[in-house]
Amino acid sequence: MTEWKSIPELGGLIGQQVRLRGWVDGRRSSGRIGFIRLRDSGATVQLVVSRKEVDDASWEVLQHAGQESTIAASGTVAADPRSPGGVEVQVSCLALVHGTEAYPITPKEHGTAFLMDNRHLWLRSSRQRAVLRIRSEVCHAIHDFHRERGYYLVDSPILTPAACEGTSTLFETPYFDHGSAFLSQSGQLYLEPAAAALGKVYCFGPTFRAEKSKTRRHLMEFWMVEPEAAFLDFEGLCVLAEDFLVYLAGRVLENCGEPLAILERDTSKLEAIQGPFPRLRYAEAIELLRRQGSGIEFGEDFGAPEETSITREFDRPVMITHYPASLKAFYMEPDPDDPSLALALDVIAPEGYGEIIGGSQRIHDHDLLLARLKEHDLPLDAFQWYLDIRRYGTFEHSGFGMGVERFVAWMAGVPHLRETIPYPRTMDRIYP
RNA sequence: UCCUCGGUAGCUCAACGGUAGAGCGUUCGGCUGUUAACCGAAAUGUUGGGGGUUCGAAUCCCUCCCGAGGAGCCA
């Protein structure tokens with residue numbers, strides 16, 4: 001018996017006898033001939049079943065195998081211009097592994113609520129497969145980028161004690177005799193000590209925010225990659241973020257041609273992601289917005305409309321730096337030229353995909369950090385370990401975080417984050 | 001948390017005070033090259049729950065539940 005083949009191999013097997021197994025993606029019959037679009041390993045191929053070439057049992061399978069039935073087929077690979085994809089399999093024998101009736105997701109339109117209820121099945125549709133393939137490539141590219149530059153992967157904890165930046169947005173869970181633990185909303189604080197151990201480090205894992213936000217740009221559980229490097233100054237950080245995005249977009253263009261085509265993504269938008277990115281200081285961004293007619297005042301933070309408005313002026317991501325310190329986190333290094341500003345960086349993606357990177361140089365002076373903790377009313381005893389980094393061989397260092405789903409949404413051109421993660425966790429939904 | 005819109009067949013929707021319907025899907029039949037095929041037939045309903053108005057409610061009112069879009073916050 002010939003061994004099982006997978007659909008992507010078929011192009012090199014023209015004229016050969018093969019066995020395939022997978023799911024019925026679509027099916028049509030026309031009297032004495034029928035067609036099944038078979039799916040395996042993310043790819044599909046057309047099976048051609050001719051009445052005179054197969055036995056009665058095989059013909060019955062063609063007639064009755066509903067959408068998403070599991071089938072096995074033997075046949076000959078043939079090149080045929082009439083077939084979608086140019087390659088098809090002339091079937092000699094068809095077997096039903098498991099028959100499916102009334103598969104819920106039909107080839108017609110469905111509402112969001114229905115698709116989300118059936119997310120475990122929705123994953124099988126071509127659009128969702130395409131997005132997941134892009135996500136997979138992005139995740140691999142994230143690791144490759146850091147590895148190629150000598151960064152070590154350091155996993156940060158998911159269960160954490162109280163509060164980096166206030167507990168109101170944290171998921172809480174009981175933790176034996178210690179009261180509550182919280183699901184991590186950033187690995188950064190744990191990465192800074194690791195940067196003293198290994199120099200250049202990054203973490204990449206799930207992150208949790210109990211923020212009651214209900215928009216296309218938010219998930220309760222999302223994946224974040226956070227590099228952190230010792231002796232990296234603010235300028236170095238900006239270059240790193242730029243190189244990172246250019247590298248990732250390049251990898252998607254290089255390896256995701258087919259999924260991008262399925263999604264009808266305008267790849268010229270991705271080809272434009274080349275350095276250097278335009279850089280605006282916060283104050284310049286405010287001026288730009290006011291020129292555009294916004295009533296925003298210096299000192300106010302940008303909302304989604306402002307972000308989109310700023311990026312309309314450019315064809316690539318925009319880096320915004322030097323925010324007022326009051327808008328940013330307690331650990332951000334002040335600008336030496338104007339201590340009311342923070343050495344903070346946000347990168348905003350074009351086409352309305354919003355902020356995808358946020359980062360900063362970190363405060364490395366012990367007394368300054370202590371003062372900031374007090375200003376923010378943070379519990380000092382909980383941060384002693386964090387202050388230790390400034391007590392024992394302190395060092396200039398910087399890092400950023402990137403939300404993977406926002407990046408994938410941007411690459412794939414999908415408007416809602418829920419399609420960029422296999423099982424999205426949103427405010428009102430935790431099933432399936 | 002706030003604002004807006006919505007909930008009718010498995011799905012997407014129509015009917016908007018007077019007998020609850022269509023397309024798709026499903027089942028059956030037809031067709032030798034289909035691309036979300038096409039043609040014919042059949043089955044499928046506690047109109048989200050509760051209360052009210054009315055001779056009569058899917059339709060109007062109250063209330064609760066659920067969903068979608070947006071805002072704030074953020075990645």
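By convention in this document, chain letters (A, B, ...) are assigned in the order of the sequence lines, proteins followed by strands, and residues within each chain are numbered from 1.
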Open item on the list: Can you pull out the residues from residues 133-142 of chain A that lie within a 4.0 Å heavy-atom distance of RNA chain B?
Closed with: none
Open item on the list: Does anything in residues 341-358 of chain A come within less than 4.0 Å of RNA chain B? Heavy atoms only, and list the residues if so.
Closed with: Glu355(A), Ile356(A), Ile357(A)
Could you write out each protein N or O paired with an N or O of nucleotides 39-49 of chain B at a distance under 3.5 Å?
none

Using distance only, find each side-chain donor-acceptor pair of residues 222-229 of chain A under 3.5 Å and give its atom names and separation, not counting sequence neighbours.
| unit_1 | atom_1 | unit_2 | atom_2 | d |
| --- | --- | --- | --- | --- |
| Glu226(A) | OE1 | Gly187(A) | N | 2.8 |
| Glu226(A) | OE2 | Ser186(A) | OG | 2.9 |
| Glu228(A) | OE1 | Arg362(A) | NE | 3.3 |
| Glu228(A) | OE1 | Arg362(A) | NH2 | 2.8 |
| Glu228(A) | OE2 | Arg362(A) | NE | 3.0 |

Task: Test ring pair (Phe, Tyr, Trp, His ring centres under 6.0 Å) applied to Tyr386(A) - qualifying residues, sequence neighbours left out - done: none
TODO: For nucleotides 24-33 of chain B, just jot down a letter per nucleotide in 5' to 3' order: B, S or -, based on protein non-hydrogen atoms under 4.0 Å.
DONE: SS-SS--BBB
TODO: Kindly write out the residues that satisfy side-chain contact (heavy atoms from CB on, under 4.5 Å) with Gln128(A), not counting sequence neighbours, or none if the list is empty.
DONE: Arg119(A), Trp122(A), Ser125(A), Glu419(A)
If you look only at distance, which donor and acceptor atoms sit under 3.5 Å apart when one is on a side chain in residues 96-107 of chain A and the other is two or more places apart or in another chain?
| unit_1 | atom_1 | unit_2 | atom_2 | d |
| --- | --- | --- | --- | --- |
| Thr100(A) | OG1 | Glu68(A) | O | 3.1 |
| Tyr103(A) | OH | Leu121(A) | O | 3.1 |
| Thr106(A) | OG1 | Lys108(A) | N | 3.4 |
| Thr106(A) | OG1 | His110(A) | NE2 | 3.2 |

Open item on the list: Going by ring pair (Phe, Tyr, Trp, His ring centres under 6.0 Å), name the pairs with one or both residues in residues 238-261 of chain A, residues two or more places apart or in two chains.
Closed with: Phe145(A)-Phe244(A), Phe145(A)-Tyr247(A), His146(A)-Phe244(A), Phe244(A)-Phe400(A)
- [ ] Stems involving RNA chain B: give each as a range paired with a range, ordered by first number, where a stem means at least three consecutive Watson-Crick or G-U wobble pairs under 3.5 Å.
- [x] B:1-7 with B:65-71, B:10-13 with B:21-24, B:26-30 with B:38-42, B:48-52 with B:60-64
- [ ] Quick one: list whatever passes salt bridge (charged side-chain N to carboxylate O under 4.0 Å, His left out) with Glu300(A), sequence neighbours left out.
- [x] none
TODO: Tell me, please, which residues at least two apart from Tyr431(A) pass ring pair (Phe, Tyr, Trp, His ring centres under 6.0 Å).
DONE: none
